[in-house]
Amino acid sequence: MKYRRLAGTDLDVSVICLGPMRAAAKTPGGDARSKAGEAALRAALDAGINFLHSSYEYETRWMMERVLRDHPKRHDVHHVIKVPVPDFKDGGRFDAAKFRLRVEEALTDLHAERIAVLQWMWRSEPNEDALRLPMLPAVMDDVWATFEKMKAEGKVGHLMTFPYTVPCARAAIETGRFAGLIAYYNPIEMEMAELFPEMERRGMGFLCIRPLYEGILTDARDPARLKADDRFREPRYAKDLARRARIAESFAAEIGASMTGFAVRFALASPLVGSVIVGLNSPAQVEGIAAAVAGDLPDPSLVGRAYDLWKSGFGLDG
Ligand SMILES: NC(=O)c1ccc[n+]([C@@H]2O[C@H](COP(=O)([O-])OP(=O)(O)OC[C@H]3O[C@@H](n4cnc5c(N)ncnc54)[C@H](OP(=O)(O)O)[C@@H]3O)[C@@H](O)[C@H]2O)c1
């Protein structure tokens with residue numbers, strides 16, 4: 001496994017961060033999905049993955065708890081957790097007790113002494129920039145004070161944020177409070193790439209979420225292999241599959257035998273990206289992703305080429 005210093009922090013994290021959103025049922029049990037997810041987490045730790053993403057919202061921490069409670073590597077793990085305060089229905093008000101609760105429950109559930117990275121989020125209803133942009137300066141000092149207090153207690157390490165949109169990302173960067181951003185990033189979702197030079201200048205880090213675009217950028221979604229009951233056969237995914245086809249054409253040489261491998265390596269082409277948060281639901285998926293990042297990573301110039309394709313709307317939007 002490769003490791004990178006996550007810019008803006010003192011953390012050396014595996015370039016793969018396991019995301020457990022779909023890796024277990026929402027209630028404890030011995031169903032096939034949960035068993036495979038538990039085996040995936042064990043395989044990930046065995047493969048040297050030392051970075052785990054989680055959220056109380058996924059309701060899969062019960063599976064992580066089972067693995068982590070007595071795992072010999074649990075003290076080596078860096079955790080990143082979602083902390084949405086204010087949440088959608090909080091009317092824009094920051095609640096320090098709720099912020100603390102999200103951390104304390106994670107410390108307990110994950111058998112951790114510290115949460116290395118907080119993925120703080122500020123939400124509104126509707127979750128629009130018109131509401132969220134003025135909310136940030138209104139709550140920022142209270143968020144920072146609460147974070148600093150918990151940091152002094154040794155419970156948290158670094159504050160990053162998931163900004164949802166580019167204008168909110170810009171506003172977050174301008175506060176000077178965040179070690180980095182956490183956002184969607186893959187050849188179909190390149191919105192945040194325009195901020196990379198500014199983030200690099202400021203020494204900030206970036207964690208990429210859903211490098212495989214929820215599974216569309218994998219070999220299983222090759223049109224020749226797509227199963228009759230595949231969830232991406234629904235009509236709402238037709239445009240995404242068309243974008244995938246354009247990517248397959250444009251980067252045939254780099255993709256070679258595997259779109260999955262290409263997508264995960266693509267996310268790491270930019271040195272700003274400390275780690276990719278990828279949904280891994282079985283030991284086979286862990287092995288596949290670990291093998292994909294074992295070799296050489298692409299030249300950063302790949303990002304510029306992909307950005308041009310993305311900016312052109314993949315030649316499909318006109
Ligand atoms: N707002 C947020 O903070 C936010 C939002 C979304 C997600 N997340 C986090 O990010 C993580 C990743 O997001 P995601 O799962 O939506 O997207 P993703 O990582 O882009 O895609 C994961 C999917 O790709 C497939 N896959 C994984 N490894 C594979 C392999 N080796 N070979 C072939 N297919 C493979 C699996 O789908 P199949 O098993 O169906 O093939 C898996 O569910 C989540 O688990 C969660 O922790 C955070």
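Just follow the structure's listing: the first ligand is 1, and inside any ligand the first atom is 1.
- Under 4.0 Å is where a charged nitrogen must lie from a carboxylate oxygen, and between K155 and E113 no such pair does.
- Per-residue contacts place Y213 under 4.0 angstrom from the following atoms of ligand 1 (heavy atoms of the residue considered): 20 (O).
- Among E287, Q119, Q285, the residue whose heavy atom sits closest to atom 35 (C) of ligand 1 is Q285.
- Using cut-offs of 30° and 60° on the angle between ring planes, the pair H78 and F51 is perpendicular.
- With atom 33 (C) of ligand 1 as the reference point, the heavy atom nearest to it among T260, L18, L280 is part of T260.
- Between F232 and Y213, the ring centre distance reaches or exceeds 6.0 Å.
- Less than 4.0 angstrom separates some heavy atom of P20 from each of these atoms of ligand 1: 45 (O), 47 (O).
- Taking only non-hydrogen atoms, the option from G215, G19, G279 nearest to atom 12 (C) of ligand 1 is G279.
- Taking the six-membered ring where tryptophan is involved, the planes of F162 and Y164 are perpendicular, since the angle between them exceeds 60° and thus also 30°.
- Among the atoms of V278, none of the N or O lies under 3.5 angstrom from an N or O of ligand 1.
- Regarding atom 41 (O) of ligand 1, its nearest protein heavy-atom neighbour is R221 NH1, 3.0 Å.
- Looking at E57, R22, M259 and measuring to atom 14 (P) of ligand 1, the nearest heavy atom belongs to R22.
- With respect to the salt-bridge test (charged N to carboxylate O, under 4.0 angstrom), the residues K35 and E38 do not qualify.
- In this structure, R244 CZ and M259 CE are separated by 4.0 Å, a value rounded to the nearest 0.5 Å.
- Proximity annotation for atom 5 (C) of ligand 1: of F162, Y164, Y185, Y184, Y184 comes nearest, heavy atoms only.
- Of all atoms in ligand 1, listed by their number and element, those nearer than 4.0 Å to a heavy atom of I289 are 28 (N), 31 (N).
- Contacts with ligand 1 closer than 4.0 Å are made by side-chain heavy atoms of N281 only, the backbone lying farther away.
- The proximity of P211 to ligand 1, defined as any non-hydrogen pair under 4.0 Å, involves the side chain as well as the backbone.
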- request: Output, in order, the C-alpha distance, side-chain angles, deciding distance and verdict of salt bridge (charged side-chain N to carboxylate O under 4.0 Å, His left out) for D12 and R4.
  value: CA-CA 5 Å; D12 292 317; R4 281 185 179 176; over 6 Å; no
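- Of all protein heavy atoms, the one lying nearest to atom 47 (O) of ligand 1 is H53 ND1, 2.8 Å.
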